[in-house]
2 protein chains.
Amino acid sequence: MIVSSTVIEGRLGLDGIAPPKRRRLGPEARREQILCAAVAWFAEVGFAGTTRDLARRAGVTQALLYKYFASKAELTEAVFERIYLGRLDPRWLKELRDRRVPLAERICRFYQQYTAAIFTYEWMRIFMWAGLAGDALNQRYLGHVGDKLLAPMADEIAAALGGHRPAMEDMWNLHGGIVYIGIRRFIYRLPTPDDHHPVIESAVARFLGGCAAAS
Amino acid sequence: MIVSSTVIEGRLGLDGIAPPKRRRLGPEARREQILCAAVAWFAEVGFAGTTRDLARRAGVTQALLYKYFASKAELTEAVFERIYLGRLDPRWLKELRDRRVPLAERICRFYQQYTAAIFTYEWMRIFMWAGLAGDALNQRYLGHVGDKLLAPMADEIAAALGGHRPAMEDMWNLHGGIVYIGIRRFIYRLPTPDDHHPVIESAVARFLGGCAAAS
DNA sequence: GGCTTCGGTGATCAAACGATCAACAAGCGA
DNA sequence: TCGCTTGTTGATCGTTTGATCACCGAAGCC
């Protein structure tokens with residue numbers, strides 16, 4: 001009902017708005033448009049969202065989706081790749097290991113870049129939907145975070161403070177406390193401060209202070 | 001196909017197992033059985049899970065669900081109530097304020113009880129599914145956690161350390177770091193230590209140490 | 001045993017779903 | 001302007017979904 005009325009209004013321009021005439025786009029541009037809409041749509045309602053609602057949101061017909069993606073599964077696969085690809089910057093590890101910079105500053109700077117990369121509506125929610133669905137990329141991503149970011153970070157802490165190396169569970173505790181800001185904001189839709197850098201700085205300071213005290 | 005074969009095997013006992021004869025249960029017992037199965041099922045696959053699969057899992061027919069719940073929405077509502085009800089223990093606040101006990105011990109003991117209450121497969125996952133779906137109870141629950149648990153905890157910290165009161169964002173940081181253990185275990189299905197008490201204790205110690213240092 | 005009660009089932013409906021297809025029309029070269 | 005290419009559409013298919021119904025049969029009473 002909503003569908004038909006929208007279509008009728010659109011094609012006949014009932015309410016004065018110019019009818020959105022059929023536009024021919026190049027294959028790449030159209031595919032990109034659909035993919036962007038899919039990212040936003042699945043982030044909002046999850047992968048159980050219907051292709052019809054997605055098409056309406058993208059401003060195309062449902063049939064057109066299947067000209068660019070063979071199936072809904074292939075579309076969601078493309079959404080995953082788009083979301084995950086290039087989300088982990090290799091420079092982060094290098095900067096974490098750059099001992100010319102004070103340790104606290106390195107970790108703070110890393111988490112500022114990291115949160116800037118993942119604290120988006122689309123990333124946080126799709127990552128959580130995928131996690132609940134048991135997606136394998138999800139676990140691989142977090143394994144990478146642990147092995148290639150948190151473990152080296154623990155090494156740097158041990159080297160800088162001269163004490164014993166923090167356990168990985170403590171590293172995950174630091175990580176989780178910071179990531180939880182994004183979970184509250186984008187998953188639970190609770191108010192969070194626009195600037196989370198002070199929170200990160202004090203969290204990192206507490207963590208390093210605790211590591212130093214434990215040495 | 002799977003359905004019919006299962007039913008045939010079940011009713012005719014093809015593979016030697018005694019056919020599960022139709023059992024008459026009291027209304028309360030049957031409703032309880034369905035509700036328990038619904039909690040487990042929706043925790044696993046989310047609220048987009050079908051009533052047919054749920055019924056199969058509960059060992060009853062799909063039609064029977066509607067003898068005890070008027071609609072799927074009413075069933076999910078019952079699942080919510082079952083999950084949320086009595087999950088927040090009023091004694092926690094009292095014990096947090098019991099100044100005869102050392103502050104660190106109070107907070108550690110609280111988080112041991114709190115995690116014992118919420119670190120279950122059903123609770124963590126249904127809470128997350130509901131959060132993504134934008135459920136109102138979710139936000140009310142977290143509002144309660146902030147107002148009735150974390151805020152008083154901040155007051156106690158200020159009173160005990162004689163310094164300034166930790167900002168609520170810092171309290172959420174402590175909270176998130178601990179809750180993230182459950183998120184990794186039950187949402188992302190990643191390996192976590194069976195006993196998370198040492199992690200909690202060191203996290204609380206770091207937090208209080210940081211608060212004392214900031215005073 | 002016979003009878004009643006009501007918990008339980010198989011069959012089925014209308015709507016919504018993913019997916020397909022012939023037909024249409026916008027844009028471009030001629 | 002014409003005609004071809006191909007991006008786009010409305011209609012439609014088969015299946016699955018939540019929900020309903022008439023009917024069945026186990027359990028309790030006499």
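Chain A is the first sequence line, chain B the second, and so forth, proteins listed ahead of strands; every chain is numbered from 1.
Backbone-only engagement by B:Gly49 is indicated by non-hydrogen atom pairs under 4.0 Å involving sugar-phosphate atoms exclusively. If you check every strand for non-hydrogen atoms under 4.0 Å, A:Arg30 touches sugar and phosphate atoms only. Counting non-hydrogen atoms under 4.0 angstrom, B:Phe69 reaches nothing in the nucleic acid. No contact: A:Leu65 has no heavy atom under 4.0 Å from any strand.
A straight line from NZ of B:Lys67 to C1' of D:dG25 spans 14 Å, rounded to a whole angstrom. Look at CD1 on A:Ile34: it is 12 Å from P on D:dG7, rounded to the nearest Å. Note: CD (A:Gln33) to P (D:dT8) measures 8 Å, nearest angstrom. D:dA19 atom P lies 18 Å from atom OH of B:Tyr68, rounded to whole Å. The CG-P distance, from B:Leu64 to C:dG8, rounds to 5 Å in whole Å. Here the C1' atom of nucleotide D:dT17 and the CG atom of B:Leu75 are 15 Å apart, to the nearest Å. Going from atom CG of B:Asp53 over to atom P of D:dT16 covers 11 Å, rounded to whole Å.
For B:Arg140, the CZ atom is loosely surrounded, since the number of other residues' heavy atoms within 6.0 Å does not exceed 12.
In this structure, a donor-acceptor pair under 3.5 Å is present between the side chains of B:Gln33 and B:Arg30.
By the 4.0 Å N-to-carboxylate-O rule, B:Arg165 lies too far from B:Glu156 to be salt-bridged with it.
Comparing B:Arg52 and B:Leu25 by the nucleotide of DNA chain C whose heavy atom lies nearest to each, the residue mapping closer to the 5' end is B:Leu25.
Residue B:Tyr66 places none of its side-chain N or O atoms closer than 4.0 Å to OP1 or OP2 of D:dT20.
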- Task: Test side-chain contact (heavy atoms from CB on, under 4.5 Å) on B:Val199 and A:Trp172 and set out the steps.
- Result: CA-CA 10 Å; B:Val199 188; A:Trp172 281 114; over 6 Å; no
